[in-house]
Amino acid sequence: MSTPERQQRPISTDMLAAFLKVAECRSVSQAAVSLDVAKSLISKRIAQLEERLETTLFSRSTRKVALTPAGETYVDYAKRALAEVSDGMERVRSLRTELSGNLRLTAPVSWGQRVLAKHLPEFLKMHPSLEIDLMLNDRMMDMATERIDVALRWSSHSQHERHGTPLTEIKWFLTAAPAYIAQHGLPTEPFELNDHACLYYRRDNTDDHWTLLHNLAASPSDPRHVEVKVSGRYRVDNPEAVLEAALAGMGIALLPDYLCVPAIDQGSLVKVLTPWTPQTKFGTHIVALCPPDRKKISRNQALIDFLQRTMSQGS
């Protein structure tokens with residue numbers, strides 16, 4: 001077969017996928033496991049791709065697989081090519097009236113459990129051909145690397161992240177169990193928190209600094225804007241655990257409304273320092289982040305519209 005004829009033979013997406021997975025894993029065996037195909041098929045697809053390109057993409061030894069300079073150069077082109085094919089398929093599917101395919105979401109753990117998880121079953125019932133992968137994680141997941149379609153994240157009202165669509169407002173409260181208040185008293189000023197056990201979601205060493213804004217304060221520079229360093233015997237990295245500790249009477253807790261309002265309504269918790277509003281690093285809103293090109297995919301935009309609508313109704 002002549003060289004021109006060989007160059008005209010097409011490169012398949014299977015070849016590109018095999019190449020990129022071996023480049024990522026540095027192992028043909030691991031790539032085969034990841035793609036759920038036979039090791040021999042991975043080797044065959046790599047050989048076919050090298051034949052089409054007329055170059056060697058990997059240097060192989062008995063212990064490892066490494067990219068050649070040509071292979072390193074080709075990685076970015078292969079990624080773009082696969083992305084273009086995928087985007088083309090999504091655009092064609094988006095022309096169909098029925099939503100289909102797989103939608104990958106990520107959301108903060110506690111909000112995802114308490115709020116988001118109540119809405120997604122309804123959305124799935126509306127679209128029987130749609131699938132959802134929901135990853136609850138307080139870690140800021142990289143949307144490109146982890147192939148996230150829509151990320152639901154905390155944000156401040158005045159500084160919504162780029163491309164973010166506000167979904168719902170979150171209010172923060174200081175709360176405690178009636179039994180704790182009966183034993184330790186009710187603080188009337190922020191500085192009195194120094195004499196109380198305080199409970200909060202701890203991610204880093206700055207989380208023991210609570211910022212409180214008096215409801216009559218005009219701006220953060222107003223003297224009614226104060227910061228208090230709090231302490232307590234129980235420190236956790238999960239908001240649900242903070243709630244349980246507050247219900248058990250272990251201290252005054254800083255909690256979002258979706259966790260504490262039901263307990264406040266039932267009388268299991270009471271609000272503390274009601275003239276003051278906590279200002280947290282998490283923000284006051286949950287926003288939906290979706291790259292502009294991904295928002296063009298009908299199922300992604302449909303989910304964002306659905307969540308905006310249902311959450312604005314307070315459901």
Side-chain angles (χ1 to χ4, degrees), residues 1-96 98-106 124 129-137 139-151 289-300:
M1 183 180 293
S2 65
T3 299
E5 291 175 335
R6 190 163 54 239
Q7 288 178 335
Q8 291 172 3
R9 294 172 62 185
I11 293 175
S12 71
T13 55
D14 287 339
M15 295 178 199
L16 296 176
F19 165 67
L20 289 174
K21 187 56 66 173
V22 173
E24 175 188 339
C25 299
R26 294 296 194 270
S27 166
V28 174
S29 298
Q30 291 181 24
V33 171
S34 179
L35 294 176
D36 195 25
V37 298
K39 178 180 176 181
S40 58
L41 186 55
I42 295 292
S43 298
K44 178 181 178 181
R45 289 171 178 170
I46 295 297
Q48 290 173 331
L49 181 60
E50 290 180 326
E51 179 187 356
R52 303 293 192 278
L53 297 174
E54 296 186 297
T55 190
T56 301
L57 298 172
F58 296 101
S59 60
R60 303 165 178 83
S61 68
T62 57
R63 304 188 64 178
K64 66 178 181 178
V65 175
L67 285 165
T68 63
E72 291 179 351
T73 300
Y74 194 61
V75 165
D76 288 338
Y77 290 96
K79 287 181 179 179
R80 288 199 294 271
L82 271 184
E84 286 294 324
V85 172
S86 177
D87 185 56
M89 292 174 63
E90 294 290 355
R91 297 294 174 85
V92 171
R93 288 172 179 170
S94 68
L95 298 176
R96 295 161 51 182
E98 182 182 3
L99 296 182
S100 63
N102 189 58
L103 202 163
R104 288 172 60 82
L105 306 177
T106 180
L124 284 170
S129 298
L130 190 66
E131 298 178 3
I132 288 180
D133 289 338
L134 173 61
M135 288 148 283
L136 299 180
N137 200 318
R139 174 176 62 86
M140 194 73 74
M141 299 178 71
D142 183 274
M143 297 185 68
T145 302
E146 311 208 37
R147 297 180 295 111
I148 302 298
D149 293 300
V150 181
L289 297 179
C290 186
D293 59 318
R294 303 299 290 174
K295 288 189 75 172
K296 297 176 183 177
I297 299 173
S298 56
R299 60 172 175 263
N300 295 346

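Just so it is clear, the values below take in all heavy atoms, side chains as well, and ignore hydrogens, waters and symmetry mates.
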What is the minimum heavy-atom distance between [X] and [Y], and which atoms define it?
X: Leu35; Y: Ala17; answer: CD1-O, 4.0 Å
X: Cys290; Y: Val150; answer: SG-CG2, 4.3 Å
X: Ala70; Y: Thr55; answer: CB-OG1, 3.6 Å
X: Met143; Y: Leu289; answer: CE-O, 3.4 Å

Selection residues 28-48 - residue pairs positive for salt bridge (Lys or Arg N to Asp or Glu O under 4.0 Å), sequence neighbours left out: Asp14-Arg45
Criterion side-chain contact (heavy atoms from CB on, under 4.5 Å) against Met15, the qualifying member of Glu51, Glu50, Gln48: Gln48
In Å and rounded to the nearest 0.5 Å, what is the [atom1] to [atom2] distance from [X] to [Y]?
X: Thr106; Y: Met141; atom1: OG1; atom2: CE; result: 4.5 Å
X: Glu131; Y: Leu103; atom1: CD; atom2: CG; result: 10.5 Å
X: Ser12; Y: Arg52; atom1: OG; atom2: CZ; result: 7.5 Å
X: Ile46; Y: Phe58; atom1: CD1; atom2: CZ; result: 4.5 Å

Sequence neighbours excluded, every pair satisfying side-chain hydrogen bond (donor to acceptor under 3.5 Å, both in side chains) that has a member inside residues 139-150: Arg139-Glu146, Asp142-Thr145, Asp149-Arg294
Ignoring hydrogens and geometry, is there a side-chain-to-backbone donor-acceptor pair from Thr68 to Leu57 under 3.5 Å? yes
Does Val75 have any side chain to side chain contact (heavy atoms under 4.5 Å, CB included) partners at least two apart in sequence or in another chain, and if so, which? Phe19, Leu20, Ala23, Leu67, Lys79
Pairing residues for Ser43 by the side chain to side chain contact (heavy atoms under 4.5 Å, CB included) criterion, not counting sequence neighbours: Val28
Checking Asp133 now: which residues fulfil side-chain hydrogen bond (donor to acceptor under 3.5 Å, both in side chains) with it, not counting sequence neighbours? Asn102
Tell me every residue that passes salt bridge (Lys or Arg N to Asp or Glu O under 4.0 Å) with Glu24, counting only those two or more places apart in sequence or in another chain. Lys21
Do Ile11 and Leu53 have side-chain heavy atoms sitting under 4.5 Å apart? yes
Criterion side-chain contact (heavy atoms from CB on, under 4.5 Å) on Tyr74 and Leu16, from CA distance to verdict: CA-CA 10 Å; Tyr74 194 61; Leu16 296 176; 3.5 Å; yes
